Amino acid sequence: MFGPPGSGKGTQASRVAVRLGIPHIAAGDMLRSEVARGTALGLEAKPIMDAGGLVPDDLVVRMIESRLNEPDAKNGALLDGFPRTVPQAIALDAMLAKRNDRVAEVISLEVPEDELRRRILKRATTEGRSDDTLEGLAQRLKVYRQDTAPVLDHYRTGNTLIESINGHGDIDEITDRIIAALKHNGVTVKTA
Ligand code: ADP
C-alpha cells in the first residue's frame, strides 16, 4: 500500500489485509511500538521520526525482514509504509526473490497535498502523534517527494502492476475501490 503521509494507507491497509486474509505489516506502527517499548531501535528512531525524517534503511529492512519470516506471513503480507526508499525496495525485492516471490501489486493511493495537510492537522488534534506537527508534516511531505515517490518508478520500470486509486472520499468508498481493483486483477477477496 503506497501513498503520501495522510493518504489513509494505514486505515485502508488494515481493512484490505483482513479481506485478503494476510497480515498487515505497517513499518510506522512497528517503529512506534519500538519507541514505546524503549528498545535500542526505538531510541534511535524516535528523534528521527519526530523530525519527519526517515529511519536508516538497514534498520528498517532488518525489522521488516524478521517480521516477514514469521509464520503468519508465509502466504503473503500487505506492506504499509515499506519500502519507502529505492534502496529499501531493492532490499525487499532481493529478500522476496530468495523465496521465489515478488511484489504482486502496488496499490497507490492518490490524494492532493492540500487535502493531506488538512487530514494530518486534524489527526494531530485526535491522535496526538508526536510527528503530526506543522514542521514535521512539511518535512515528511518533502521526504515523500524526494525519497519515496521514486519507489513507484522503481516498480513501474520493473513491470510490477501498479493500481492507482483515488484516495479522496469516504473510508468505505475508498476500500470498495481498492477491492474492486484487486478483484479486477484476479485476486481472491473475502466478502466483508
Ligand atoms: P505517515 O505515512 O503518516 O507519515 P507512518 O506511520 O507510515 O506515517 O510513518 C511515520 C514515520 O515512521 C515516518 O515519518 C518515518 O520517520 C518512520 N518510518 C516509517 N516507515 C519507514 C520506512 N520504511 N523507512 C524509514 N522510516 C520509516
Side-chain angles (χ1 to χ4, degrees), residues 1-17 23-68 73 77-96 103 106-155 165 167-168 171 174:
M1 187 74 66
F2 190 86
S7 59
K9 4 177 211 60
T11 306
Q12 295 300 334
S14 74
R15 296 167 144 233
V16 172
H24 167 210
I25 297 180
D29 289 351
M30 290 177 72
L31 289 169
R32 277 185 290 278
S33 146
E34 299 281 341
V35 171
R37 287 182 287 129
T39 64
L41 170 55
L43 290 174
E44 184 163 351
K46 170 135 175 72
I48 302 173
M49 293 170 75
D50 285 349
L54 290 180
V55 176
D57 288 333
D58 57 327
L59 299 182
V60 180
V61 166
R62 254 187 283 145
M63 178 182 81
I64 296 291
E65 183 158 29
S66 69
R67 178 65 187 88
L68 284 174
L78 203 163
L79 295 172
D80 156 16
F82 182 90
R84 223 172 174 107
T85 65
V86 170
Q88 290 180 18
I90 293 170
L92 174 65
D93 296 347
M95 85 181 73
L96 294 178
V103 173
V106 177
I107 301 164
S108 174
L109 280 178
E110 317 276 336
V111 180
E113 277 204 14
D114 55 339
E115 170 80 15
L116 299 174
R117 281 179 227 280
R118 244 196 322 271
R119 290 186 187 179
I120 291 187
L121 295 175
K122 188 173 158 228
R123 182 169 77 188
T125 63
T126 54
E127 290 181 23
R129 242 173 71 173
S130 55
D131 58 345
D132 281 344
T133 59
L134 261 183
E135 305 76 50
L137 169 59
Q139 183 59 20
R140 273 147 69 208
L141 287 173
K142 189 168 150 219
V143 167
Y144 175 78
R145 273 184 248 123
Q146 264 176 20
D147 300 313
T148 306
V151 170
L152 214 49
D153 299 321
H154 168 86
Y155 284 109
I165 301 288
H168 202 94
I171 293 176
I174 298 163

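For reference, positions follow the sequence shown, starting with 1. Counting starts at 1 for both ligands and their atoms, in listed order. Predicted model, so just to flag it, every value in this text is computed and none were measured.
With respect to the salt-bridge test (charged N to carboxylate O, under 4.0 angstrom), the residues Asp132 and Arg119 do not qualify. Between Arg62 and Glu65 no salt bridge is recorded (no basic side-chain N to carboxylate O distance below 4.0 Å).
Contacts of ligand 1 (protein heavy-atom distance under 4.0 Å) are Pro5, Gly6, Lys9, Ala27, Gly28, Leu31, Arg32, Met49, Gly53, Leu54, Val55, Val60, Gly81, Phe82, Arg84, Gln88, Arg123, Arg129, Asp131, Arg140.
Remark: the backbone N or O of Arg123 is not paired with any side-chain donor or acceptor of Glu127 at under 3.5 angstrom.
Nearest approach of Phe82 to Ala27, heavy atoms of both residues: CB-CB, 4.1 Å.
Side-chain polar atoms of His24 and Asp29 form no donor-acceptor pair below 3.5 angstrom. Side-chain atoms of Thr11 and Arg15 form no donor-acceptor pair, as typed in the model, at a separation below 3.5 Å.
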